[in-house]
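The structure appears below as structure tokens.
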Protein chains: 2
Amino acid sequence: MTRPDRRPLRADAARNRELLLAAAADEFAERGIDASMADIARRAGVAKGTVFAHFATKEELIAAIVGDHFAALTAVARRLLDSADPGAALLEFLTVAAGGQRQHDLAFLQTVAEGDSEVSELRNEFHASIGSLVDRARDAGAVRADITGTDVLLLICAPVHAIGFLANPEPDLWRRYLAIIFDGLRPEGANPLPRPAPSWP
Amino acid sequence: MTRPDRRPLRADAARNRELLLAAAADEFAERGIDASMADIARRAGVAKGTVFAHFATKEELIAAIVGDHFAALTAVARRLLDSADPGAALLEFLTVAAGGQRQHDLAFLQTVAEGDSEVSELRNEFHASIGSLVDRARDAGAVRADITGTDVLLLICAPVHAIGFLANPEPDLWRRYLAIIFDGLRPEGANPLPRPAPSWP
DNA sequence: CCACAACATGACCTCTCGGTCAACTTGCTA
DNA sequence: TAGCAAGTTGACCGAGAGGTCATGTTGTGG
């Protein structure tokens with residue numbers, strides 16, 4: 001996440017910040033939300049106090065990771081808005097989004113970062129960019145008429161989450177469930193949906 | 001879970017056991033895996049020591065809950081095997097399974113109960129009964145040919161999990177995502193799947 | 001109805017966690 | 001290159017977790 005603070009970091013501090021974000025992302029991916037700050041510090045090769053010098057609380061660390069992730073996916077979505085095939089673009093987006101997840105990921109971290117206003121901002125942009133992607137796909141007849149951007153947003157994590165029940169899943173297996181779910185989004189053979197799409201949030 | 005131990009419980013102990021299982025299920029549903037044994041005891045109206053008198057460890061408590069849940073769903077699946085419409089039976093099963101979940105549920109608890117052999121047994125029966133349900137639906141042409149019982153097992157939690165990202169979802173909203181995913185399981189307009197179905201586990 | 005085994009209790013243990021801070025080290029600027 | 005602000009360190013703290021156990025209470029078979 002681009003730091004909200006304007007003052008530039010010293011070179012070593014900037015390096016440590018990146019090391020910490022990377023280590024934290026790895027640790028959360030492996031151990032889930034219960035990854036400890038001490039383990040993250042060890043993985044980054046810094047002392048525990050340094051973690052708290054950069055991120056005042058665990059929630060703030062998580063917010064930074066989630067914010068980065070949202071920003072990266074928003075960039076992907078916007079790039080795909082220029083694609084000639086809107087249906088393929090949406091599928092490509094979901095593939096990139098799922099591919100970027102690890103065993104555990106945003107799924108649970110996001111709910112922790114709920115309160116952070118910066119993250120909310122990035123999440124709204126993310127939501128909006130998905131909305132555009134879905135609108136284009138719908139107009140092109142690539143997805144059914146009753147699907148919204150919010151629907152797609154909520155289903156992003158489903159493929160990776162599904163294979164989480166397996167002890168040693170093939171790393172690519174989520175593609176199978178993405179394909180199944182994406183088939184459910186297509187207009188061919190679509191049945192009416194029992195409930196209206198939710199508004200955000 | 002029907003206790004593996006053969007000796008019958010005293011009346012008060014049996015009552016407390018049920019109170020504890022119910023309280024624990026509620027607490028895990030609300031607070032997730034981090035629900036504390038102390039809170040569970042309080043909710044059940046017993047002392048903390050009583051919890052450990054019934055379940056030696058937190059994992060054992062979780063295993064009991066997960067086992068109960070598997071057994072209940074296995075019973076539902078078996079009952080639906082007699083249904084005249086195999087496609088509707090599978091959808092009904094998924095509806096009951098999703099309806100029985102709360103905000104958080106088996107999704108994460110199952111991975112904790114991984115080691116318990118009793119739970120493994122119940123999970124295998126559960127898996128087998130879903131397999132029969134899916135086989136019948138496939139033979140009737142209600143689901144696509146390349147879908148297995150394991151696929152359905154992995155997707156059971158997806159609808160409820162999807163709405164978990166919303167702060168205050170309508171309690172029935174999961175039905176929408178179940179409908180979408182189930183449409184993805186139908187033969188109409190099915191595209192080839194990129195990866196083969198996983199074996200269990 | 002009694003006696004004993006089964007059960008319930010809550011104070012207590014240890015361990016780990018997120019978070020703090022005074023003392024120390026180091027990159028940057030003038 | 002000197003000096004200082006910026007950054008790092010690791011011992012330390014309180015809270016709360018899972019788990020234990022001596023003691024008190026109670027259901028139940030004879």
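Computed from a prediction, not measured in an experiment: that's the story for all the values here. Reminder, nothing fancy here: chain letters follow the sequence lines and each chain counts from 1. For the numbers below, each heavy atom of this structure counts, side chains included, while hydrogens, waters and symmetry mates do not.
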**OP:** Kindly give the heavy-atom pair with the smallest separation between Ser129(A) and Arg78(A), and that separation in Å.
**Re:** CB-CG, 4.3 Å

Original post:
Is any side-chain N or O of His54(B) closer than 4.0 Å to OP1 or OP2 of dC7(C)?
Top reply: no

Subject >> Below 4.0 Å: OP1/OP2 of dA8(C) and any side-chain N or O of Asn16(B) >> reply: yes

Original post:
Under 4.0 angstrom, heavy atoms only, what part of the nucleic acid is Ala14(B) near: base, sugar-phosphate, or nothing?
Top reply: nothing

Original post:
Which sits closer to the 5' end of DNA chain D, Asp12(B) or Phe52(B), going by the nucleotide each is nearest to?
Top reply: Phe52(B)

Original post:
Does the side-chain contact (heavy atoms from CB on, under 4.5 Å) test come out yes or no for Phe55(A) and Leu20(A), once each step is laid out?
Top reply: CA-CA 10 Å; Phe55(A) 309 96; Leu20(A) 277 170; 4.3 Å; yes

Subject >> Heavy-atom pair with the smallest gap, counting every atom of Asp151(B) and Arg176(A) >> reply: OD2-NH2, 2.6 Å

Subject >> Shortest non-hydrogen contact from Asp116(A) toward Val119(A) >> reply: OD1-N, 2.9 Å

Subject >> Test side chain to side chain contact (heavy atoms under 4.5 Å, CB included) applied to Leu133(A) and Val76(A), Val152(A), Leu90(A), Val143(A), the passing residue >> reply: Leu90(A)

Subject >> Pairwise 5' ranking along DNA chain C for Met37(A) and Gly49(A), keeping only the more 5' one >> reply: Met37(A)

Original post:
Closer to the 5' end of DNA chain D via nearest nucleotide, is it Asp39(B) or Arg10(B)?
Top reply: Asp39(B)

Original post:
Whole-Å distance between dG19(C) P and Lys58(A) NZ?
Top reply: 8 Å

Original post:
Just wondering, do Ile40(A) and Leu61(A) contact through their side chains at under 4.5 Å, heavy atoms?
Top reply: yes

Subject >> Along DNA chain D, first and last positions that approach a heavy atom of chain B under 4.0 Å >> reply: dA17(D) to dT28(D)

**OP:** Describe the nucleic acid contact of Thr50(B) in one word from base, sugar-phosphate, nothing, applying a heavy-atom distance below 4.0 Å.
**Re:** base

Original post:
Base, sugar-phosphate, or nothing for Lys48(B), non-hydrogen atoms under 4.0 angstrom?
Top reply: base

